[in-house]
Amino acid sequence: MMSDLLSSRISPAPAFMRCGVDYAGPFQIKTIKGRGSKSFKAYIALFVCFTITAIHLELVTDLSADAFIAALKRPLTPISNDPNDLSALTPGHVVIGRPLTSIPEPNYIDSNNSYLTRWQQIQKLVQQFWKRWHKEYLTRLQQRPKWLLSTKNFQVNDLCLIKMTIYPLLDGKWVELFNCILV
């Protein structure tokens, strides 16, 4: 039987509030085009959102903890021209529409629209979306019709289709199953 989905996968949350990280590479990256250009090793940090299954890619220079933290907080541009304002626009702003460290909005679902500001009405719509997403979409993810019916295991003399790229001569061939073990 398949197990239930993790609570982090089914709880409403902003994008990338709950995510997994993996790395790809190394890749050789050139700093400039043309003759005499230097190349260096780089990796791609792959962030996968557990809530909405979105992905975000960041180029990182190495596999160190410092490079990982830089990928999370890499500033795109300053938010204001004020030299005393140290806040910067980051990928977090682009993905979730607000700073990653901001305080979550209160629940407006049961509030009367006539008493809400325009911003609160928009937040209420977002919260209603998450409620519907949780009720309608997640129930489809939890259905496991494949596991409801019992099926018999392969036995000797059964006809089966072999789909294995590690054995190119057998790939896509219909064969009769014998007492043998493929290594």
Any chain of hydrophobic side-chain contacts (each under 4.5 Å) joining Phe47 to Tyr23? yes
With sequence neighbours left out, write down each residue that passes side chain to side chain contact (heavy atoms under 4.5 Å, CB included) with Asp110, or none if nothing qualifies. none
Would a distance-only check, ignoring hydrogens and angles, find a side-chain to backbone donor-acceptor pair under 3.5 Å from Gln127 to Pro106? yes
N/O donor to acceptor pairs below 3.5 angstrom from side-chain atoms of residues 59-67, sequence neighbours left out:
residue : atom : partner : partner atom : Å
Asp62   : OD1  : Ser64   : N            : 2.9
Asp62   : OD1  : Ser64   : OG           : 2.5
Ser64   : OG   : Ala67   : N            : 3.2

To the nearest 0.5 Å, tell me how far Thr117 OG1 sits from Ile122 CD1. 8.5 Å
Give the other cluster members for Tyr115, using side-chain heavy-atom distances under 4.5 Å between Ile, Leu, Val, Met, Phe, Trp and Tyr residues; answer none if it is isolated. none
Of all residues at least two apart in sequence or in a different chain, which pass the side chain to side chain contact (heavy atoms under 4.5 Å, CB included) check with Pro26? Lys41, Tyr43
Return the minimal non-hydrogen interatomic distance between Asn107 and Ser111, and the atom names on each side. O-OG, 4.3 Å
I'd like to know if Leu57 and Val48 are part of one continuous hydrophobic network [Ile/Leu/Val/Met/Phe/Trp/Tyr, side-chain heavy atoms within less than 4.5 Å]. yes
Give, for atom CG of Leu46 and atom SG of Cys19, the distance between the pair rounded to the nearest 0.5 Å. 10.0 Å
Is Leu125 isolated, or which residues cluster with it under the ILVMFWY side-chain rule of less than 4.5 Å, directly or via members? none
Those residues that, when tested against Asn113, pass side chain to side chain contact (heavy atoms under 4.5 Å, CB included) (two or more places apart): Leu116, Gln121, Lys124
Decide whether Phe27 and Phe40 are clustered together by the hydrophobic rule: side chain heavy atoms of Ile, Leu, Val, Met, Phe, Trp, Tyr closer than 4.5 Å, transitively. yes
Within this structure, what is the CD1-CD1 distance for the pair Ile44 and Ile29, rounded to the nearest 0.5 Å? 7.0 Å
